[in-house]
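The first residue in the sequence is number 1, and the count goes up from there.
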Amino acid sequence: MLGNRAEYDKMAAAESMHWWYSTLHGLVLKTLQRHFQHKKDIALLDAGCGTGWLMLYLKQQGYTNMQGFDISEHALEHCGKRGLMVNRLGLQQVGDFYKPQSVDAIICCDALYFLDFQQQKKTLEHFAAILKPKGLLLLNLPALDVFSGTHDISVGIKKRYHHSVLQQLLPPYLGLSSATFRYWPVALSPVIALARARQRKKMNEGVGSAVSDVNLPAVGVNMLLKAILKIEMKLPPVINFGSSLFVAYVKE
């Protein structure tokens with residue numbers, strides 16, 4: 001996806017209203033509020049910020065100290081249009097750019113999968129190093145191979161995750177603990193799994209093209225899906241089945 005301008009254009013057009021982005025950004029906000037209470041001047045870093053809507057959303061919620069970076073020139077172009085000053089930087093360079101223990105929270109949504117396993121481990125080591133004590137690391141990751149499809153090819157997903165893999169990526173010596181995780185969207189998972197199975201079948205038959213699912217549904221459908229996910233997010237995460245995995249770690 002890094003060189004795919006069309007996908008970044010789709011993202012920029014959809015993410016302020018799309019049910020999936022709205023749910024993810026709500027998860028980020030509620031986790032920050034739960035951990036930091038009413039503090040709004042905490043140093044936040046959006047690692048792999050994409051087209052910047054999450055940064056704008058958090059600013060709208062009153063957070064005043066936000067930084068972001070992305071390696072894609074197309075992503076940065078959209079950030080500039082939104083008045084955001086972000087750095088052009090790769091995930092693996094984060095340890096060279098930010099000082100140790102300088103950030104209260106790092107948010108990395110659907111970006112780690114661009115790296116191979118060793119690169120991911122090294123990046124997470126850098127994240128742990130620049131977090132302050134009691135800091136927060138928030139990750140959102142594509143989950144479970146049953147949800148792979150043309151979307152993965154279009155946006156560059158090389159790997160889908162199970163929560164057990166995170167123990168290999170984040171060894172205890174990094175000082176990140178108190179992990180909580182949630183698979184989502186559980187309520188929509190059967191439909192998503194079926195759609196992705198059809199996509200895989202078409203790919204195996206050489207039919208169709210690799211396009212992402214980042215399209216804004218009809219207004220009524222989008223509102224309905226938002227409402228369903230709003231209810232789901234109020235329930236405890238007891239079912240480990242969903243196309244995304246949201247994880248929160250605390251720095252000791």
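Note that the CG atom of D46 and the OH atom of Y57 stand 13.5 Å from one another [nearest 0.5 Å]. Going from atom CD1 of I107 over to atom SG of C49 covers 11.0 Å, rounded to the nearest 0.5 Å. Distance check, rounded to the nearest 0.5 Å: NZ of K230 to OG of S22 gives 11.0 Å. The line from CE of M233 to CG of L24 is 9.5 Å long, rounded to the nearest 0.5 Å. Taken to the nearest 0.5 Å, the CG atom of L58 stands 6.5 Å off from the CG atom of L32. Atom OG1 in T23 sits 9.0 Å away from atom CH2 in W20 (nearest 0.5 Å).
Closest of all the heavy-atom pairs between R196 and V146 is CB-O, 4.2 Å. Residue M203 comes nearest to G149 through the heavy atom pair CE-C, 3.9 Å, listed as atom of the first residue, atom of the second, then distance. Among all heavy-atom pairs drawn from G48 and L91, the shortest one is N-CD2, 4.3 Å. Of all heavy-atom pairs between A111 and A47, the closest is CB-O, 4.2 Å. Summarising the geometry of A75 relative to Y8, their closest heavy-atom pair is CB-CE2, 3.7 Å, with the distance given to 0.1 Å. Of all heavy-atom pairs spanning Y98 and G68, the tightest one is OH-O, 4.3 Å.
Of the residues listed (L144, L166, L139), the one engaging L245 in a side chain to side chain contact (heavy atoms under 4.5 Å, CB included) is L166, and it is the only one. Remark: of the listed residues D152, D110, D145, D152 is the sole one forming a salt bridge (Lys or Arg N to Asp or Glu O under 4.0 Å) with R160.
Remark: E252 engages S177 in a side-chain hydrogen bond (donor to acceptor under 3.5 Å, both in side chains) (not counting sequence neighbours). By the ring-ring contact (aromatic ring centres under 6.0 Å, His included) test, F97 pairs with no residue at all, sequence neighbours left out. Not counting sequence neighbours, the partners of K81 by the salt bridge (charged side-chain N to carboxylate O under 4.0 Å, His left out) test are E77.
Counting only residues at least two apart or in different chains, salt bridge (charged side-chain N to carboxylate O under 4.0 Å, His left out) contacts with residues 28-39 are absent. Legend: side chain to side chain donor-acceptor pair (under 3.5 Å) pairs involving residues 161-175, not counting sequence neighbours, sorted by first then second residue: Q120-Y161, E125-Y173, H162-S164, H163-Y183.
Residues L229 and P185 meet the side-chain proximity criterion, which asks for heavy atoms closer than 4.5 Å. Put simply, the side chain of W19 reaches to within 4.5 Å of the side chain of N222, judged on heavy atoms. Considering only heavy atoms from C-beta on, F147 stays 4.5 Å or farther from P142 through its side chain. Here the side chains of P237 and T180 are not in contact, with every heavy-atom distance at 4.5 Å or above. Contact annotation: the side chain of K122 never approaches that of Q92 to less than 4.5 Å [non-hydrogen atoms, C-beta and beyond]. A heavy-atom distance below 4.5 Å is not found between the side chains of L138 and I106. Contact of the V28 side chain with the F246 side chain is registered, since non-hydrogen atoms from C-beta on lie closer than 4.5 Å. Under the 4.5 Å side-chain criterion, counting only non-hydrogen atoms from C-beta, F127 is not in contact with L45.
Of the possible donor and acceptor atoms, none in the side chain of S154 sits under 3.5 Å from a partner among the backbone N and O of T150. With hydrogens and angles ignored, the 3.5 Å screen pairs a side-chain donor or acceptor of R82 with a backbone N or O of A12. Judged by distance alone, the side chain of D70 and the main-chain N or O of S72 form a donor-acceptor pair under 3.5 Å. Counting only distance, with no hydrogens or angles, the side chain of Q101 and the backbone of L131 share no donor-acceptor pair below 3.5 Å. At distances below 3.5 Å, at least one donor-acceptor pair connects side-chain atoms of S102 with backbone N or O atoms of K99. For H74 (side chain) and E7 (main-chain N/O), no donor-acceptor pair under 3.5 Å exists by modelled atom type. At distances below 3.5 Å, not a single donor-acceptor pair connects side-chain atoms of K251 with backbone N or O atoms of G175. With hydrogens and angles ignored, the 3.5 Å screen pairs a side-chain donor or acceptor of T123 with a backbone N or O of Q119. Checking side-chain atoms of N204 against main-chain N and O of R200 turns up a donor-acceptor pair under 3.5 Å. R88 contributes a side-chain N or O that, together with a main-chain N or O of I71, makes up a donor-acceptor pair within less than 3.5 Å.
Cluster annotation: I192 is not connected to L216 through the hydrophobic network of ILVMFWY side chains, with a link wherever side-chain heavy atoms come within less than 4.5 Å. Each of M85 and F69 belongs to its own hydrophobic cluster when Ile, Leu, Val, Met, Phe, Trp and Tyr are linked at side-chain heavy-atom distances under 4.5 angstrom. In terms of hydrophobic clustering, with Ile, Leu, Val, Met, Phe, Trp and Tyr side chains grouped at heavy-atom distances under 4.5 Å, M223 and V221 are assigned to different clusters. Tracing side-chain contacts under 4.5 Å through hydrophobic residues (I, L, V, M, F, W, Y), one never reaches I228 starting from M17; they form parts of separate clusters.
Between Y21 and H25, the angle of the ring planes lies from 30° to 60°, which puts this pair in the tilted group.
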Would you please test Y63 and L44 for side chain to side chain contact (heavy atoms under 4.5 Å, CB included) and show each step?
-> CA-CA 8 Å; Y63 290 91; L44 301 177; 3.8 Å; yes
Side chain to side chain contact (heavy atoms under 4.5 Å, CB included) between F181 and Y249: does it pass, once the steps are laid out?
-> CA-CA 9 Å; F181 65 88; Y249 286 90; over 6 Å; no
Intermediate values then yes/no, side chain to side chain contact (heavy atoms under 4.5 Å, CB included), L56 and L84 | CA-CA 8 Å; L56 280 182; L84 297 170; 3.9 Å; yes
Verify side chain to side chain contact (heavy atoms under 4.5 Å, CB included) between L124 and L137, making sure each step is shown before the conclusion.
-> CA-CA 9 Å; L124 291 169; L137 171 61; 4.1 Å; yes
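A donor and an acceptor atom, one from each side chain of N140 and W184, are located under 3.5 Å apart. Between D9 and H78, the side chains place a donor N or O and an acceptor N or O closer than 3.5 Å (distance only, hydrogens not considered).
L235 forms part of no hydrophobic cluster, judged by ILVMFWY side-chain heavy-atom separations under 4.5 Å.
We find that K132 and D104 are joined by a salt bridge, their nearest charged nitrogen and carboxylate oxygen being less than 4.0 Å apart.
More than 12 heavy atoms of other residues, nucleotides or ligands shown are found within 6.0 angstrom of NZ on K40.
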